[in-house]
Amino acid sequence: MRRDSTKTVLVLGFTAILGLMSVVVLISLSVLHNSNNRIETLVNANNTKTGLINTMLTAARERTLSLQNMIILADPFLQDEEWMAVNVHGSEFSAARTALLELELSPAELDVLAAQGQLTAGVAELQLYIAELIRDGDKTAAFKLLREEAIPGQNKILAALSSLLQIQETEAAQAVQTAQLDFRNTLVSVLLLTFGITILSILVARSVTRRSTEIEQRLYDATEHAQVTLHSIGDGVITTDVQGRIERINTEAERLTGWHDQSAIGHPLTSVFSASRDLSNELTLEPVATAVLERNIATSEGDVLLRHRSGRKFAVE
């Protein structure tokens with residue numbers, strides 16, 4: 001009877017141990033799977049939204065820049081080219097906004113887009129009127145409208161789009177926090193179950209602890225990977241040494257400058273990040289030299305013109 005009782009206890013004990021181990025594995029893998037799926041979905045959605053918003057920002061800035069060029073240029077043929085560019089940038093802005101509205105958006109995003117749509121309608125109509133004034137030769141009135149009404153209206157649109165980007169950053173941060181909370185909850189569950197397994201059998205507990213440690217590491221690695229991925233959304237980043245020689249350039253910076261990472265490494269920053277405050281290139285920006293000299297963060301006071309490796313220029317922040 002005692003043998004049968006011992007055997008029964010051992011069977012029940014090991015069954016309980018196996019059951020607890022199964023629970024540990026299932027919970028951990030389920031949380032890992034759900035966390036990875038949630039983060040992957042959010043990253044893809046944020047990348048898509050951020051790309052469309054940045055397209056709208058660029059198109060809006062380029063549209064205003066083309067209007068400014070129309071005022072500056074005296075050649076009617078060059079004015080016509082800039083007029084065509086105004087329409088092209090308007091179409092790019094509209095297409096990106098339409099694509100953005102087709103995505104799953106939060107109430108906050110919809111509210112911002114609704115306000116932006118009203119602002120854009122008024123500014124777009126004003127910009128077309130300014131273009132007509134320029135083509136009719138009344139550049140004085142066109143410049144006044146551009147400076148006093150169109151550009152302030154454009155700034156409100158850019159602010160609305162920037163708030164959309166801020167929403168994306170907030171959602172990304174919330175996703176990281178959720179992943180960390182899932183990790184902590186999973187860790188607590190694993191430790192409690194491991195404690196129960198340890199009471200039943202030290203040997204089996206060691207095995208469960210080893211398994212739990214591996215799963216915890218996978219969860220930790222997944223969370224760290226998610227943080228790195230989410231924090232890389234949106235901006236171009238170039239790192240240099242104190243002499244201003246490039247050490248690293250990320251994918252977005254490659255797109256903006258036209259330089260690839262390997263070909264840019266070792267070059268002076270100004271040869272890759274060729275930025276100026278006006279079309280004449282006379283006010284060239286040297287952020288590294290400024291930062292080292294002033295021992296402070298160097299920022300632009302407004303939009304600057306970045307020259308792509310191909311020679312094309314466009315406005316950036």
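Please read all numbers here as calculations on a predicted model, not as lab measurements.
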What heavy-atom pair brings [X] and [Y] nearest, and what distance separates the two atoms?
X      : Y      : answer
Met56  : Gln116 : CE-OE1, 3.9 Å
Ile249 : Trp259 : CD1-O, 4.0 Å
Arg309 : Gly258 : CD-O, 3.5 Å
Ala142 : Ile134 : CB-CG1, 3.4 Å
Leu52  : Ala96  : O-CB, 3.7 Å

If you define the side chain from C-beta out and look only at heavy atoms, does anything of [X] sit under 4.5 Å from [Y]?
X      : Y      : answer
Leu165 : Asn54  : yes
Phe143 : Arg147 : yes
Glu109 : Lys49  : yes
Leu146 : Gln68  : yes
Asn250 : Asp261 : no
Leu128 : Glu125 : no
Thr240 : Arg245 : no
His308 : Leu256 : no

Lys/Arg-Asp/Glu bridge criterion (N-O < 4.0 Å) met for Arg255, Glu252 =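 The answer is yes: the pair qualifies as a salt bridge.
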
Charged N to carboxylate O below 4.0 Å: is that the case for Glu92 and Arg63?
->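 Answer for the salt bridge query: no.
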
Evaluate whether atom CD of Gln243 has more than 12 neighbouring non-hydrogen atoms of other residues, nucleotides or ligands under 6.0 angstrom away.
->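 Yes, the 6.0 Å shell around CD holds more than 12 heavy atoms from other groups.
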
Is it the case that more than 12 heavy atoms not belonging to Lys139 sit under 6.0 Å from its NZ atom?
->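 Counting neighbours around NZ of Lys139, more than 12 heavy atoms of other residues, nucleotides or ligands fall under 6.0 Å, so yes.
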
Verify same cluster id: [X], [Y] (apolar side-chain graph, 4.5 Å):
X      : Y      : answer
Ile151 : Leu67  : yes
Phe314 : Leu158 : no
Val316 : Ile238 : yes
Leu133 : Leu73  : no

